[in-house]
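Structure first, commentary second.
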Amino acid sequence: MHLINTHPYRFGPLCYTQKPYKKSHLSLQTTIYCHPTRFHKHYTAAAIQSPMEAAGTDSDGREFKNPDEMWLEHTGDINKKTQWYHDGVAYWEGVEASVNGVLGGYGHVNDADVKGSEGFLQTLLAELFVDGGINRHLVALDCGSGIGRITKNLLIRYFNEVDLLEPVSHFLDAARESLVQENHMALDKHKATNFYCVPLQEFTPDAGRYDVIWVQWCIGHLTDDDFVSFFNRAKIGLKPGGFFVLKENLARSGFVLDKEDRSITRSDSYFKGLFSRCGLHLYKSREQKGLPKELFAVKMYALTTDIPKRVMKARSKVQANRPGIIK
């Protein structure tokens, strides 16, 4: 899947909002109308709270004191939680399996998104893997892969194998057709290997398979507890020295709940609180550039299971351009 709403997704009780677009995988911001003084007081109050206690709102403008209050209402028992995940998948089952579909009508942001991700990935591979990983068999997992947009445009050019994880079956079928039946990778040295039609909250990877686990515009569908559980299970799937990349929409503070697709857009401090709960280290982060102003801010996080050491190497012209395996 891909959340662009906010997948990432507006403020105090006296603020009235409207959606000037169809909600999508790229969380879109809403237009906000509110009394400036009252809004300022609400924003300041939220800002001084601890990250996991900051107030948030839903897409109807209702305010919640903290995430726990919101999660209790929407996923407080097994029936509510089951319905939460069912509704999230059902939303995307009604979306066309195309770039424009998974990006909520914003298909034109694809190039900027891929360019930003590629620059971040190149930096990470160069800093964390000897020779940018050029002499090792690299394997990646694309979480919430949708139609294989990120795998096809980015990951398969840098990794020898990519596995795709996606709960929406017609998205995964489209990815398989694009990546396997129309495979254009020379000598099968770079290929999509496995296609898992499984939701994040139920997936457990094979131990030690992946160098990189890429999670983009999908984690907003998980509750906080399932967010932590997912990363704790996914750690097992990393090779020694492997890392996660999480790319998501950001709320300005607290959180924003999208009731239509059952997703939550979290703030930067909210994410960092969850990273701490997962026992993950934030190695590096970078803001995505070049997206339309009406979209939520988007940020990339590189996360490791321990404190990594940068690979020391001579800076030759060849190495400086690594790890561009396929152009």
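No hydrogens, no waters, no symmetry mates; every other heavy atom, side chains included, goes into these values.
- Shortest non-hydrogen contact noted between S145 and L172 is OG-CD1, 4.1 Å.
- Summarising the geometry of F120 relative to K284, their closest heavy-atom pair is CZ-O, 3.6 Å, with the distance given to 0.1 Å.
- No side-chain heavy atom of L250 sits less than 4.5 Å from a side-chain heavy atom of S267.
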Set out, in order, the CA-CA distance, both residues' side-chain angles and the distance that settles side-chain contact (heavy atoms from CB on, under 4.5 Å) for V298 and L291, then state yes or no.
CA-CA 9 Å; V298 175; L291 298 183; 3.6 Å; yes
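- No more than 12 heavy atoms of other residues, nucleotides or ligands shown are found within 6.0 angstrom of NE2 on H86.
- Residues F243 and F129 bring their aromatic ring centres within 6.0 Å.
- Rounded to the nearest 0.5 Å, atoms CG (L121) and OH (Y158) are 6.5 Å apart.
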For the pair T193 and E161, evaluate side-chain hydrogen bond (donor to acceptor under 3.5 Å, both in side chains) and give the outcome as yes or no after the intermediate values.
CA-CA 6 Å; T193 303; E161 296 183 66; 2.9 Å; yes
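- In this structure, a donor-acceptor pair under 3.5 Å is absent between the side chains of W92 and H170.
- Counting all heavy atoms, side chain and backbone alike, A174 lies closest to A97 at CB-CB, 4.0 Å.
- Figure legend: R176 and F195 shown as a cation-pi pair, the cationic atom lying under 6.0 angstrom from the six-membered ring centre and within 45 degrees of its axis.
- Using modelled atom types, no side-chain atom of W84 and backbone atom of S263 make a donor-acceptor pair closer than 3.5 Å.
- Here the closest heavy-atom approach between residue G148 and residue L179 is recorded as CA-CD1, 4.4 Å.
- No hydrogens or angles considered: a donor-acceptor pair under 3.5 Å links the side chains of S178 and K152.
- Proximity of F227 to R266: side-chain heavy atoms (C-beta onward) are separated by under 4.5 Å at one or more points.
- The NZ atom of K115 sits 14.5 Å away from the CG atom of N153 when rounded to the nearest 0.5 Å.
- Nearest approach of C143 to C218, heavy atoms of both residues: O-SG, 3.5 Å.
- Side-chain contact between K191 and V162 is absent, with no heavy atoms from C-beta onward closer than 4.5 Å.
- Residues that satisfy the salt bridge (charged side-chain N to carboxylate O under 4.0 Å, His left out) test with D268, not counting sequence neighbours, are K272, K299.
- T304 contributes atom OG1, which lies 10.5 Å from atom CG of L124 (distance to the nearest 0.5 angstrom).
- Shown here for I150 and Q216, the closest heavy-atom pair between the two residues is CD1-OE1, 3.0 Å.
- Under the 3.5 Å distance criterion, with hydrogens and angles disregarded, no donor-acceptor pair is assigned to the side chains of D225 and T223.
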Might you work through the side-chain contact (heavy atoms from CB on, under 4.5 Å) test for M300 and L246, ending with a clear yes or no?
CA-CA 6 Å; M300 297 170 278; L246 176 67; over 6 Å; no
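- Relative ring orientation between Y270 and F255 is described as perpendicular, the plane-to-plane angle rising above 60° on a 0-90° scale split at 30° and 60°.
- Under a 3.5 Å cut-off, the side chain of D58 and the backbone N or O of G61 do form a donor-acceptor pair.
- By the 4.5 Å heavy-atom criterion applied to side chains, H108 and P292 are counted as neighbours.
- Hydrophobic clustering (side-chain heavy atoms under 4.5 Å, transitive across Ile, Leu, Val, Met, Phe, Trp, Tyr) groups I219 together with V198.
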Carefully, step by step, assess S98 and N100 under the rule side-chain hydrogen bond (donor to acceptor under 3.5 Å, both in side chains).
CA-CA 5 Å; S98 66; N100 206 49; 5.8 Å; no
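- Under the 3.5 Å distance criterion, the side-chain polar atoms of D226 are left unmatched by any main-chain donor or acceptor of L222.
- If you chain together hydrophobic residues whose side chains sit under 4.5 Å apart, L282 and L274 fall into the same group.
- In this structure, R277 contributes its side chain and G273 its backbone to no donor-acceptor pair below 3.5 Å.
- For the pair K247 and S117, the minimum side-chain heavy-atom distance is below 4.5 Å.
- Classification of the Y301-F275 ring pair by plane angle, with boundaries at 30° and 60°, yields perpendicular.
- For the atom pair CD1 (I307) and NE2 (H281), the distance works out to 5.0 Å, reported to the nearest 0.5 Å.
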Run the salt bridge (charged side-chain N to carboxylate O under 4.0 Å, His left out) check on K80 and E73 step by step: do they pass?
CA-CA 8 Å; K80 288 182 177 180; E73 176 172 320; over 6 Å; no
Are E294 and Y106 close enough, and set up right, to give a side-chain hydrogen bond (donor to acceptor under 3.5 Å, both in side chains), and what steps lead you there?
CA-CA 11 Å; E294 67 266 27; Y106 279 74; 2.9 Å; yes
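- Judged by distance alone, with hydrogens and angles left aside, the side-chain atoms of H190 form a donor-acceptor pair with the main-chain N or O of I156 at under 3.5 Å.
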What's the verdict on side-chain contact (heavy atoms from CB on, under 4.5 Å) for F230 and V215, showing C-alpha distance, side-chain angles and the deciding distance?
CA-CA 11 Å; F230 166 73; V215 186; 4.2 Å; yes
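- In this structure, CZ in R136 is found 9.5 Å from CZ in F159, a value given to the nearest 0.5 Å.
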Decide yes or no on side-chain contact (heavy atoms from CB on, under 4.5 Å) for M70 and R62, but give the supporting numbers first.
CA-CA 10 Å; M70 183 276 293; R62 177 186 171 185; over 6 Å; no
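- A distance-only check finds a donor-acceptor pair linking the side chain of D258 to the backbone of E260 [under 3.5 Å].
- Taking CG of D142 as the start and CG of L164 as the end, the distance is 5.0 Å to the nearest 0.5 Å.
- Taking the salt bridge (charged side-chain N to carboxylate O under 4.0 Å, His left out) definition, one finds that R262 meets it with D87, sequence neighbours left out.
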Could you pull out every donor-acceptor pair under 3.5 Å between side chains of residues 232-240 and any protein atom, sequence neighbours left out?
from: N232; atom 1: OD1; to: K235; atom 2: NZ; distance (Å): 3.2
from: N232; atom 1: ND2; to: V228; atom 2: O; distance (Å): 3.3
from: R233; atom 1: NE; to: F203; atom 2: O; distance (Å): 2.9
from: R233; atom 1: NE; to: T204; atom 2: OG1; distance (Å): 3.4
from: R233; atom 1: NH1; to: S229; atom 2: O; distance (Å): 3.4
from: R233; atom 1: NH2; to: L200; atom 2: O; distance (Å): 2.9
from: R233; atom 1: NH2; to: Q201; atom 2: O; distance (Å): 3.3
from: R233; atom 1: NH2; to: F203; atom 2: O; distance (Å): 3.1
from: K235; atom 1: NZ; to: C278; atom 2: O; distance (Å): 2.4
from: K239; atom 1: NZ; to: H137; atom 2: O; distance (Å): 2.9
from: K239; atom 1: NZ; to: D211; atom 2: OD2; distance (Å): 3.0

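- Put simply, the side chain of E177 never gets that close to the backbone of D173: no donor and acceptor are under 3.5 Å apart.
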